[in-house]
Structure formats: C-alpha cells, structure tokens
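As structure tokens, the structure follows; a few thoughts come after it.
Both ligands and their constituent atoms are indexed starting at 1 by order of listing. Along the sequence shown, residues are numbered consecutively beginning with 1. Source: prediction; values computed, not measured.
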Amino acid sequence: MSNDDWTQRSLAHVWQPCTQMQDHAGADPELPLIPVRRAEGAWLEDFDGRRYLDAVSSWWTNIFGHRHPHIVEQLRQQLDTLDHVMLGGFTHAPVVELSERLVQLAPPGLTRCFYADNGSSAVEVALKMSFHYWHNAGQPRKRRFITLTNSYHGETLGALAVGGPSIYRDTYAPLLLQPIHVPSPDCYERTPGQSWEDHTRQSFVHMEHALAEHAGEVCAVILEPLVQCAGGMRMYHPLYLRLLREACNRHGVHLIADEIAVGFGRTGRMWACDWAPPNPRDDDAQPGITPDFLCLSKGLTGGTLPLAVTLTREAIYQAFYADYRAGKAFLHSHSYTGNPLACRAALATLDLFETEKPLATNRLLADLMWRQTADIRAHPHVAEVRQQGMILAIELARNVRSREPYPAAERRGLRVYRHALNGRPDFAAVLRPLGNVIYFMPPYVITPREIEQLCKLALDAIHQATRD
Ligand SMILES: *Cc1c(COP(=O)(O)O)cnc(C)c1O
C-alpha cells in the first residue's frame with residue numbers, strides 16, 4: 001500500500017480535525033495528506049518511504065521523540081497488569097504515583113489532581129471548579145471569566161468561549177458564554193523601540209481595570225502563561241504573571257494557568273509560571289507563581305496517549321469536602337478519567353525529566369535555533385523572529401516596516417508548509433503554520449545537525465513562499 005492508496009481510503013471516510021477537507025482533494029492538493037507508516041525519535045515516515053522531521057512535535061505533544069524506548073517499555077509492562085478501570089470508586093497505582101509526582105513537581109501549594117483525557121476538558125474542569133467553588137462559598141454572583149484577546153484554550157464550548165482567535169470561535173458565538181475580554185500583552189504589538197517589559201507592564205493596566213470593575217461577578221482569570229500558542233505563538237514578558245497573581249489575590253478572583261502547550265519544559269523552565277520574577281516588595285521573594293488551577297495535557301504523556309490533569313489548591317478542594325447531603329461535591333466525570341495506561345506513560349515521561357536532563361540540553365538547542373535563524377531574521381518578509389525556550393516563531397508580513405500582514409487568503413504560511421514537506425532530497429520537515437506564522441516547536445531529542453538543516457530548509461521555503 002502506497003501513500004496514494006491510504007490517502008484515497010482515508011478521504012473516503014475520515015474527517016480531519018481543523019481542516020477544510022477540500023484542501024486535501026485532487027491531484028495537486030492545497031494541503032497534502034500524509035499517511036504515516038511509522039515514527040521514531042523526531043522523525044515521521046510515510047508509506048512511500050519519505051521521512052519528515054516532526055518540527056512541531058505532532059501538535060506540541062511529543063517532547064521526547066516518538067516511541068521513546070523507556071515509555072514503550074513501561075507501557076508494555078502496564079498492559080500486562082491493568083488496562084483500564086473507571087476511577088469512580090476505584091483507584092490504582094499509576095494514578096496514585098502520578099498524582100504524588102505531579103504535586104511534587106508543580107508550583108508549591110497545588111495538592112489535588114483531577115484527571116480528564118484532553119486539554120479542552122482540563123480547561124472545562126478548571127472553569128466549572130472555579131465557578132462551583134464560589135457557589136459553595138456563598139458567592140453565586142461570581143459566574144463570569146476574564147480572558148485575554150488572542151488566547152486559545154480548546155474547542156469544547158466552555159473552552160472555546162474563553163478563547164480568542166475568532167476563526168475558531170465566531171461561528172459558534174450564539175452558543176457561548178460571554179467572558180470579559182482584556183487586550184493581550186502580546187509584544188508583537190508593542191510600539192517600535194519599546195521593551196517587552198514596558199509593553200507588558202503597560203498592557204496590564206487593562207487587566208487591572210477589568211478586575212476593579214468586575215471582580216464581584218468574576219470567578220477567574222484564565223491565560224496561557226508567556227506564549228499564546230495557537231494565537232500565532234505571540235509572547236509577552238513574565239512580569240505579567242507576577243502582576244496578575246497579585247491583582248487576583250487583591251480582588252478575590254482565581255487564576256487559571258493553562259500550561260497545556262507550554263508546560264513540561266517547553267519554555268526553558270519546567271512551568272512557564274516559574275518565569276515570573278520575584279515580588280520586589282517581599283524580602284524572601286521567590287521567582288514563580290502558583291496559580292489556583294494549573295491545566296496540563298499535551299506533553300504530559302510524552303505524546304503517546306491522551307491524558308489531562310487540572311491541579312488545584314487544598315483550600316479549593318476543601319470547599320467541596322462535606323457531608324454528601326450538603327450537595328457540595330464536584331459531580332464531573334469522563335469515562336476514561338485517569339486511564340492507567342496513560343498515567344503510566346506520564347510517569348515514564350516524568351522519569352525522562354530526571355534521567356535525560358532536558359532543561360539543560362534544551363538551553364543549548366534553543367541558543368542554536370536562535371543563531372541558526374540569523375538569515376531568516378534578515379529576510380525581507382520576516383517581520384519578527386521571537387523565541388521562548390524551545391518555541392521559535394517566525395512572523396511573515398507583506399511589509400515588515402509597517403507590519404502589514406499578508407492577507408489570510410494568500411495562505412503564505414501554507415505555502416511554506418508545502419515547500420518544507422517537499423524539502424530537499426535528503427531533508428523534509430513538518431512546519432504546519434498558524435496563519436502567517438511559521439514556528440519550530442521540536443521534540444527535545446532534535447540534534448544540533450537537524451536544527452541546522454531545519455533552519456536552512458525553512459529559509460528556503462520562506463523565500464519560495466514570498467517570492468511573488
Ligand atoms: C491544545 C491546547 C488546548 C486544548 O487541548 P486539546 O487536547 O486539543 O483539547 C487548550 N489550551 C491550550 C493552551 C492548548 O494549546
């Protein structure tokens with residue numbers, strides 16, 4: 001069976017996510033569908049034997065490479081003892097061990113783990129728990145959420161409502177909660193010459209106003225710490241996290257940190273929340289903040305199985321803990337909550353943080369990505385290259401000086417993607433774009449040599465895609 005055979009069979013019945021299916025149709029499709037036969041490390045291989053560097057970690061999930069031997073081995077052993085049991089009324093070793101380790105690793109004060117099987121559901125859990133906490137605490141007026149423009153928190157109706165990018169949301173607007181939108185601190189929007197820190201501090205004024213005005217009706221602020229990933233890898237200064245933590249405390253509003261994409265070392269520290277600078281007014285100030293809810297998924301299982309978790313504080317857990325007849329329990333569930341195989345894969349992934357020390361290696365790899373993109377930064381249609389750890393984003397623009405974007409209909413990012421897939425005879429890569437933004441978000445096992453080749457290929461592809 002060749003690529004063509006599988007493509008035809010797939011197009012007959014499979015409906016791809018986040019896709020206009022017509023893009024895949026025809027002899028020379030806009031967006032080629034690639035049937036993948038196998039994967040190993042940072043590489044995917046199709047049915048015609050072509051290999052592609054997985055430069056976006058299969059939608060940001062795959063942090064230690066495909067089929068990492070340690071994860072595979074641990075999964076095999078788990079399969080021999082317990083596949084699945086419902087978590088209602090039952091518990092098991094993988095979910096207990098994983099919860100213990102996550103509490104150890106997470107920002108201090110997060111002691112309780114609630115599981116789901118995808119990131120959107122982890123966000124739903126945080127939203128519902130926050131609302132329900134205030135309800136149990138006798139504050140039923142608190143029923144709204146504050147979110148940043150251009151944020152992304154998933155696709156289920158609650159998560160979609162608190163997300164920003166309008167292409168995902170507008171159609172469903174009649175179905176959605178009405179959150180309070182606060183302008184994002186996105187530093188691409190800063191005035192020329194302004195520092196990230198200044199722009200971020202200035203943007204915070206909007207948040208402060210929204211909290212002052214709405215705190216009485218607001219349950220929580222939700223945000224993606226440091227990088228608005230699906231919104232085009234837009235970035236901001238970690239000072240925002242410190243200011244927000246303090247403002248939420250002052251106004252009696254929860255803080256939900258959605259680290260589904262940026263957790264597990266992606267930004268250069270274990271959690272993006274760890275980057276928050278210490279409070280200058282506090283003598284034993286520590287860097288990092290603890291949110292009231294921390295949502296994790298994607299990298300949690302090293303990209304092998306679906307799993308998500310929402311961590312929260314003891315005091316929030318205690319607000320639900322009462323005699324059954326008080327009616328305070330959190331009655332939310334998913335059939336596959338805390339699946340033992342997925343938890344085992346997560347434990348194996350956490351082992352790799354200890355044995356492979358990726359945060360140290362990633363510093364070197366991230367530096368190399370920056371140095372190798374010098375030519376890309378100088379390209380006449382690259383308005384900005386920005387980076388946070390193992391995320392490097394390239395913003396294409398029609399006019400880099402005025403930052404006039406390419407019209408979406410020209411699909412420039414998609415052209416880059418196609419060129420990179422065709423690649424050179426010995427090297428092709430998956431650079432699935434976000435509109436006019438091309439980005440590298442590779443598995444941590446990418447080699448220096450692969451980074452060099454990837455940067456050359458991306459430059460080539462950008463050149464081709466912006467020629468006319
Ligand atoms: C991917 C993502 C989600 C949604 O996770 P799914 O598993 O795709 O439902 C939520 N928030 C952020 C920040 C994400 O990147």
Are [X] and [Y] close enough for a salt bridge, meaning some N to O gap below 4.0 Å?
X: Arg51; Y: Glu40; result: no
X: Glu395; Y: Arg403; result: no
X: Arg269; Y: Asp274; result: no

Single hit among Arg144, Arg143, Lys142 for salt bridge (Lys or Arg N to Asp or Glu O under 4.0 Å) with Glu217: Arg144
From Leu105, Thr349, Leu350, residue fulfilling side-chain contact (heavy atoms from CB on, under 4.5 Å) relative to Phe264: Leu350
More than 12 heavy atoms from other groups under 6.0 Å of CD on Gln104: no
Close-range residues for ligand 1, whose non-hydrogen atoms fall below the 4.0 Å threshold: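 Residues within 4.0 Å of ligand 1: Trp60, Asn118, Gly119, Ser120, Tyr152, His153, Gly154, Glu224, Asp258, Ile260, Ala261, Lys298.
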